[in-house]
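A short worksheet on the structure shown next.
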Amino acid sequence: MKRAEILEAARVCVCGERQQDYGTPESNFENIGLLWGVYLRAAHPELAKVMAINHINAKDVATMMGLLKVARIATGYKEDNFVDLAGYAACAGEIAAAERGGGDHD
């Protein structure tokens, strides 16, 4: 795939029908962060002393999902991993900009 194709495929993923199916990426990432926080606190009780349930925010989730894709890329080639990585980076960047007052979520 060419870079423009990867970016276009990522745009379709994060700006297309998935939002209708799963809600906004921000909302979905917030839910994932809450679930991850609950899981981590239950699996590692020592974290409950230092980590609030809602400590993993939407930007963290988008960034860590990108890292998951990086780990998959390290083990082999699959076009989808690059598309997904670009999509997660775009979502994380938009969330970070909104947190700083520099953008709206679409």
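In this text, all values refer to a predicted model and were calculated from it rather than measured experimentally. Quick note: numbers below take in every heavy atom, side chains included, and nothing from hydrogens, waters or symmetry partners. Sequential numbering from 1 along the given sequence is applied to the chain's residues.
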Path from [X] to [Y] over hydrophobic side-chain contacts below 4.5 Å:
X	Y	answer
I32	Y39	yes
L68	V61	yes
M64	L34	no
M1	L85	yes
V14	V12	no

Sorted by first residue and then second, give each salt bridge (Lys or Arg N to Asp or Glu O under 4.0 Å) pair with at least one member in residues 35-59; sequence neighbours left out.
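Listed once each, the pairs are K59-E99.
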Tell me which pairs pass salt bridge (Lys or Arg N to Asp or Glu O under 4.0 Å) where either residue lies in residues 67-80, with sequence neighbours left out.
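Residue pairs passing salt bridge (Lys or Arg N to Asp or Glu O under 4.0 Å), neighbours aside: K69-D84.
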Rounded distance (nearest 0.5 Å) linking atom CG of L47 with atom CD1 of I53:
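It comes to 12.0 Å.
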Between [X] and [Y], what is the shortest heavy-atom contact and its length?
X	Y	answer
W36	I56	CB-CD1, 3.8 Å
Y22	N28	O-ND2, 4.0 Å
V83	C13	CG1-SG, 4.4 Å

Considering residues at least two apart in sequence or located in another chain, which fulfil the side chain to side chain contact (heavy atoms under 4.5 Å, CB included) criterion with A86?
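Expected list: I6, L7, A10.
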Side chain to side chain donor-acceptor pair (under 3.5 Å) against E8, all qualifying residues, sequence neighbours excluded
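Partners of E8 by the side chain to side chain donor-acceptor pair (under 3.5 Å) criterion, ordered by chain and then number, come out as R11.
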Can you list everything that forms a side chain to side chain donor-acceptor pair (under 3.5 Å) with D60? Sequence neighbours excluded, please.
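Checked D60 against side chain to side chain donor-acceptor pair (under 3.5 Å); zero matches.
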E94 side chain to C91 backbone, donor-acceptor under 3.5 Å:
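Side chain of E94 to backbone of C91, a donor-acceptor pair under 3.5 Å: no, none is there.
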Check against side-chain contact (heavy atoms from CB on, under 4.5 Å), N54 and E30:
CA-CA 8 Å; N54 62 347; E30 287 173 11; over 6 Å; no
Sequence neighbours left out, what pairs pass ring pair (Phe, Tyr, Trp, His ring centres under 6.0 Å) with at least one residue falling in residues 41-96?
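Pairs touching residues 41-96 that pass the test: Y77-F82.
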